[in-house]
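Quick caveat, the model's predicted, so the values are computed rather than measured. Each ligand, and each atom within it, is numbered from 1 in the order the structure gives. We use all heavy atoms of the structure for the numbers below, so side chains are in, but hydrogens, waters and symmetry mates are not.
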Amino acid sequence: MCQMKTVEQRDARLNYQRETARKMLFRREEEERLRNKIRADHEKALEEAKEKLKKSRDEIRAEIQTEKNKVAQEMKKKESKPLPPVPVPNLIGINSEDPTDKDIREKRDKIKEMMKHAWENYRQYGWGHNELKPIARKGHSTNIFGNSQMGATIVDALDTLYIMGLHDEFREGQDWIDKNLDFSVNSEVSVFEVNIRFIGGLLAAYYLSGQEVFKLKAVQLAGKLLPAFNTPTGIPWAMVNLKSGVGRNWGWASAGSSILAEFGTLHMEFVHLSYLTGDPVYYNKVMHIRKLLQKMDRPNGLYPNYLNPRTGRWGQHHTSVGGLGDSFYEYLLKAWLMSDKMDTEARKMYDDAIEAIERHLIRKSNGGLTYIGEWKNGHLERKMGHLTCFAGGMFALGADGSRDDKAGHYLQLGAEIAHTCHESYDRTTLKLGPEAFKFDGGLEAVAVRQNEKYYILRPEVIETYWYMWRFTHDPKYRQWGWEAAQAIDKYCRVSGGFSGVKDVYSSSPAYDDVQQSFFLAETLKYLYLLFSNDDLLPLDNWVFNTEAHPLPVLHLANTTLSGNPAYR
Ligand code: DMJ
C-alpha cells in the first residue's frame, strides 16, 4: 500500500515537471513569434516612412484627403440606411376643392400670390440662406440657426407650398434639401427652433408628399439633437453644437436655466420620430421630461418659465402664456389630440395648467377686454404679448373634451382673446398688431414702449382667427383675417419680398429688413386655410405643431406606441 503511494507520487511529480517544461517551451516560442512580428512591423513602418519621404508634400496631402473621403463616405452610407417601413396613418384632406364662393376664392388666390412673392424673392436673393433680407436683397440669419446656411426658409415653407398646389416650387425645395441640407456642420443651433421648424417641417413634408428624403433628413437631424439631453436631469440644453454635441444654455436665462417653452415643445415631433423609426429613444426623452415636470411642486399651480437642468430646480418664478411659456401648454393639449385622445395624462396636465392660468393670469380690463397677463414673482403684470394671442385658438381647440364639460366656456374664452387681439391691431395706424400691449393706467390693448411697437410678420393672431373660424364659422374671423392680410400686403410688402415694420403706430414706419421663415410656414398658411374649405387638413385628422406644420393623428395608447408594430 505504502509502496503504491510512492510510485503514484513519483509519476505525478514527473507529469508535473513534463507539463511545466512544455509550457515554458510554448511561452518561449510565443515570445519569439511576437519579437519577430514586432521586428517585421517595425521594418515595414520604416520602409513606408522611407517611401513617404520620397513623396512630395502634395502627394501626401492627396493621400490624406483620399483617406478622409473614404471615412466620410462610409459615414454617409451608414446615415442613409433606409428606415424600417411602418404603416402610414390615415392621411385625409391633403387636397380639397376650391371654395365655391367667388369672393373667398379670390381672397385665397391673393394669399397664394403673396406666398409666391415671398418664395420667389427668397429664391432669387437668399437661396440656401436661412432667411431673406428683402430690402438689401441678400441672405439673412440669426443665432438660433447657428452659423451655417441650413435653408430654414426652404424647410419651413415646404408644406405651405404643397397645400397651395405650388408643386414646381415644392420640387425646387425638395431638390435643394436632397443635395445640400447637411447636418454635419460645426454649428451651434437652438434645439427648440430646429425641432419646430426643421424636424416639424420635414415630417409634415414627408406625410404630405410621401417623399422618403424628408423622413430621412428629419431622422438624421434628430440624431444630432440627442446629445442636448445629456444633462444631469435629462432636461435638454437650449443649444447644441451639431458636430461636437456640446450643449449649453442661453446666457440671459435665469441662473443657467433651460426654458419651459423650449424643452416643453418637443413632444409632437419626437413621438412621430419614434413612430416612424421604431426607435423609442425619442419618445423616452420627451416622456422623461414630462414625468419630471409632473413630480415638481408648482407655485400656485403655475409652471415657472425657467428650470435648471443641472439641479432640477425652478429658476425665477415667472409664468407666461406668451414668450418662454406658450407652446409648452400648446403641446400638452396637442399631445392628447395627436394620440387620438388616448394620452389622457397630457390632457390632465393641460387642464390643471389652464385652470391655474385662468385663476391667476386672466383678467378683464375696465373697457371689457379679456387679457392674459404675466406672473412675475408674485404679482401680475398687465401686459400681453403678440405671442400670447395664439392662446385664443388653443382654448377653442381644447374646448371639446374639457374637464366638467366646460366646452362652451373655453370656446367663449377663445372668442374673447381673439377679440382682444383684434383690438390690438385695430387700435394702430397700420392695422397690424404690436409685439406687446398694456392694460394699465387707462391704456387698453396698445403698446407703450417704443421697443414693443414692432410687427415682425408674426402669425399668432391670424392663427387664432383660423381656429375660431373652424369652430364657429362666424364670418367676422374671415373679415379680420382679410384686414390683416391687406395690411401686410400694403405695409410689409416690398419689391424684394416681405419685411417686418418697426412701429405700427407710425404712418411711415421703417422696415426691419427681415423676411422671417415663419411668415411662409405659418402666417401665410393660416391665411390660406382661413379662406379654404374645412376639409383641407381637417382638425380631426391633423394636429399642427407650433410652427404650423401639420402632423397626422396617431392612435397611440397612453404610454406605448401602439401605432408602430415595432412596439408590439
Ligand atoms: C414661431 O416660430 C412659433 O410659432 C413659436 O412657437 C413662437 N413664435 C414664432 C412666430 O411668432
So, do [X] and [Y] have ring centers that fall under 6.0 Å from each other?
X: His117; Y: Phe498; result: yes
X: Phe170; Y: Phe214; result: yes
X: His140; Y: Tyr125; result: no

Which heavy atom of the protein is the closest neighbour of [atom], given with residue, atom name and distance?
atom: atom 7 (C) of ligand 1; value: Leu387 CD2, 3.9 Å
atom: atom 10 (C) of ligand 1; value: Glu460 OE2, 3.2 Å
atom: atom 2 (O) of ligand 1; value: Glu547 OE1, 2.6 Å
atom: atom 6 (O) of ligand 1; value: Thr546 OG1, 2.8 Å

| ring-ring contact (aromatic ring centres under 6.0 Å, His included) partner of Phe328, chosen from Tyr306, Phe192, Tyr303 |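 Exactly one pass, corresponding to Tyr303.
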
| said: Heavy atoms only, cut-off 4.0 Å: how does Ala548 contact ligand 1, side chain, backbone, both, or neither? | reply: neither

| request: Would you mind telling me if ligand 1 is within reach of the side chain of Glu522, the backbone, both or neither, using heavy atoms under 4.0 Å? | output: side chain

| request: Go through the side-chain N and O atoms of Tyr331 and Glu269 and say whether any donor and acceptor fall under 3.5 Å apart. | output: yes

| query | Could a heavy atom of Arg197 be found less than 4.0 Å from some atom of ligand 1? | reply | yes

| Lys/Arg cation over aromatic Trp336: Arg347, 6.0 Å, 45° cone |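 Here Arg347 passes the 6.0 Å and 45° test against Trp336.
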
| field | Any N or O of Glu193 closer than 3.5 Å to N or O of ligand 1 | value |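 No, Glu193 has no N/O under 3.5 Å of an N/O on ligand 1.
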
| request: Provide the number and element of each atom of ligand 1 under 4.0 Å from a heavy atom of Pro459. | output: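 Answer, ordered by atom number: 10 (C), 11 (O).
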
| request: First locate atom CH2 of Trp480, then atom NZ of Lys431, and finally report the distance between them rounded to the nearest 0.5 Å. | output: 13.0 Å

